[in-house]
S.K.: 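Pasting a structure here, questions to come.
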Amino acid sequence: MATAQVGVVILGAGPAGLVLGNLLLERGIDCVILERRSRAAVEGRARAGFLAAHSVRVLTEHGLAAGLLARGKTHTTCLFRSDRGEFTLDYGKLGQGEAHTVYPQQELVRDLVAEYLRRGGEIRFGAEAAEVTGGTVRVPGGADVTGRYVAGCDGHRGSGRAALTARGVRTARRDNGVSWLAVLVAAPPSLDAVGYALHERGFAGHMARTATVTRYYLQCPRGTDPADWSEDRIWDELVTRMRTAEFGPLREGTVLEKAVVDLRSDVLAVPGVGRLWLAGDAAGLISPSAAKGANLAVLQAESLARALETALAQNDRIGLARYAADCLPRVWRAHEFSHWMSGLLHGPAGPDDDEARYARQLQYARLESLRTSRAHQDFFAENYTGI
Ligand SMILES: Cc1cc2nc3c(=O)[nH]c(=O)nc-3n(C[C@H](O)[C@H](O)[C@H](O)COP(=O)(O)OP(=O)(O)OC[C@H]3O[C@@H](n4cnc5c(N)ncnc54)[C@H](O)[C@@H]3O)c2cc1C
């Protein structure tokens, strides 16, 4: 039974759905967000932290950046370590001269929920979209919701994406074959910059989050169970791979969270058909090696809001076709860079045979080129901060 008819039904209260909802309300378009989890769960989920300059501009232009401008931290450098030494790239002075703003995703989500509600928007927490047919969303245990359009912002395993692939929309995908143990620790950052450590035992990464919480990554074999990684094992491995004996100690603290992330990417051939349009991880998953996922979600939400406004006001789907045409090249460019980063960060897995030695030397050559070539550094900076 359909009990509600709105302009846009949005699935998912992640960065994509919440930015879209706020932008639609700003344009006077009625919408409702269906979110399968509780408000506390959504606002507590720590994931991304690096916002590109474009994301900050979008959020600022639409009155969504008060929190990140007040509490976010600007980052303009990153450093690379290997057995051949350490170097820092001041990417804020390279490429387009842009910076990252470090602001934990859960804090951004909290800000976006608060602003959406302040603007009069409706979010139904605990409402799982089970199926999307035309403009109607089936919610088990609740009333169906019908919109003139449905925006699937419900992530990679959501119903929006499932409905599109069921209609024959094809995917392009790549599995990097690598996984990361993603760890959040209760400790201040140990470096002023993002740190990428290349090591024969696998990649290790250091990412600042706040003054009291830091994210670390450890490359691990596919199928790793986080339960096998005790706190001691995590710190031993970080100390080894970050080469603290040579470059100085890490500030250790309690492990707050640990999860395994498989580095996989995919992109749907088109991000929508008919009345169903996707944004964010629903439209394509990008491996976290270049920290692009949340930024693509903001970019797509902004474009989709514009396209839906035209579609609703003028009953004209040209804007939606343009959404696909505008976004896909930028999405692919982010994927290309993410893939490039993955090649830089991950050495060969498996036995030390001829192929592994070849792959290791390519990794060193790429790192050396980044250390010494201004053209290569500009390429890095432009793609690292751009979206
Ligand atoms: C460890 C880690 C670190 C990362 N670091 C970065 C980074 O530094 N920078 C960066 O840009 N990106 C990063 N990312 C990626 C980034 O977090 C995601 O790309 C981003 O969350 C995508 O936003 P989204 O709104 O599309 O999807 P999500 O954040 O996944 O939100 C989707 C929402 O939909 C809800 N939902 C799912 N199914 C349904 C359903 N059927 N019905 C209703 N609701 C549903 C979910 O509960 C969720 O709240 C990282 C990811 C991970 C895992």
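All heavy atoms count here, side chains included; hydrogens, waters and symmetry mates do not. Order of listing sets the numbers, starting from 1, for every ligand and every atom in it.
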S.K.: Mind checking what makes ring pair (Phe, Tyr, Trp, His ring centres under 6.0 Å) contact with His339, not counting sequence neighbours?
M.R.: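 Scan of His339 (ring pair (Phe, Tyr, Trp, His ring centres under 6.0 Å), adjacent residues dropped) gives none.
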S.K.: Report all N/O contacts between ligand 1 and the protein shorter than 3.5 Å as a table of atom names and distances to 0.1 Å; if there are none, say 'none'.
M.R.:
| from | atom 1 | to | atom 2 | distance (Å) |
| --- | --- | --- | --- | --- |
| ligand 1 | 8 (O) | Gly49 | N | 3.2 |
| ligand 1 | 8 (O) | Phe50 | N | 3.4 |
| ligand 1 | 9 (N) | Ala291 | O | 3.2 |
| ligand 1 | 11 (O) | Ala291 | O | 3.0 |
| ligand 1 | 11 (O) | Gly293 | N | 3.3 |
| ligand 1 | 11 (O) | Ala294 | N | 2.8 |
| ligand 1 | 11 (O) | Asn295 | N | 3.3 |
| ligand 1 | 11 (O) | Asn295 | ND2 | 3.1 |
| ligand 1 | 12 (N) | Gly293 | N | 3.3 |
| ligand 1 | 12 (N) | Ala294 | N | 3.1 |
| ligand 1 | 17 (O) | Gln105 | OE1 | 2.8 |
| ligand 1 | 19 (O) | Asp281 | OD1 | 2.8 |
| ligand 1 | 19 (O) | Asp281 | OD2 | 3.4 |
| ligand 1 | 19 (O) | Ala294 | N | 3.4 |
| ligand 1 | 21 (O) | Arg47 | NH1 | 3.3 |
| ligand 1 | 21 (O) | Gln105 | NE2 | 2.8 |
| ligand 1 | 25 (O) | Pro15 | N | 3.2 |
| ligand 1 | 25 (O) | Ala16 | N | 2.9 |
| ligand 1 | 26 (O) | Asp281 | N | 2.8 |
| ligand 1 | 29 (O) | Arg45 | NH2 | 3.3 |
| ligand 1 | 29 (O) | Arg47 | NH1 | 3.2 |
| ligand 1 | 30 (O) | Arg47 | NH1 | 3.0 |
| ligand 1 | 38 (N) | Arg36 | NE | 3.3 |
| ligand 1 | 38 (N) | Asp154 | O | 3.4 |
| ligand 1 | 41 (N) | Ala129 | O | 3.0 |
| ligand 1 | 42 (N) | Ala129 | N | 2.9 |
| ligand 1 | 44 (N) | Arg36 | N | 3.2 |
| ligand 1 | 47 (O) | Glu35 | OE2 | 2.6 |
| ligand 1 | 49 (O) | Glu35 | OE1 | 2.7 |
| ligand 1 | 49 (O) | Glu35 | OE2 | 3.3 |

S.K.: Just by distance, do the side chain of Ser289 and the backbone of Ser338 share a donor-acceptor pair under 3.5 Å?
M.R.: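 Yes, the answer is positive, given that a donor and an acceptor are paired below the 3.5 Å cut-off.
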S.K.: Show every side chain to side chain donor-acceptor pair (under 3.5 Å) that has at least one partner inside residues 317-326, sequence neighbours left out.
M.R.: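 Listed by first then second residue: Tyr149-Arg317.
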S.K.: Should the ring pair Tyr196 and Phe80 be called parallel, tilted or perpendicular, given that the plane angle runs from 0 to 90° and is split at 30 and 60?
M.R.: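 Parallel, since the angle between the ring planes stays under 30°.
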S.K.: According to ring pair (Phe, Tyr, Trp, His ring centres under 6.0 Å), who are the partners of Trp229, at least two apart in sequence or on a separate chain?
M.R.: none
S.K.: Ring-plane angle category for His206 and Tyr216, please: parallel below 30°, perpendicular beyond 60°, tilted otherwise.
M.R.: perpendicular
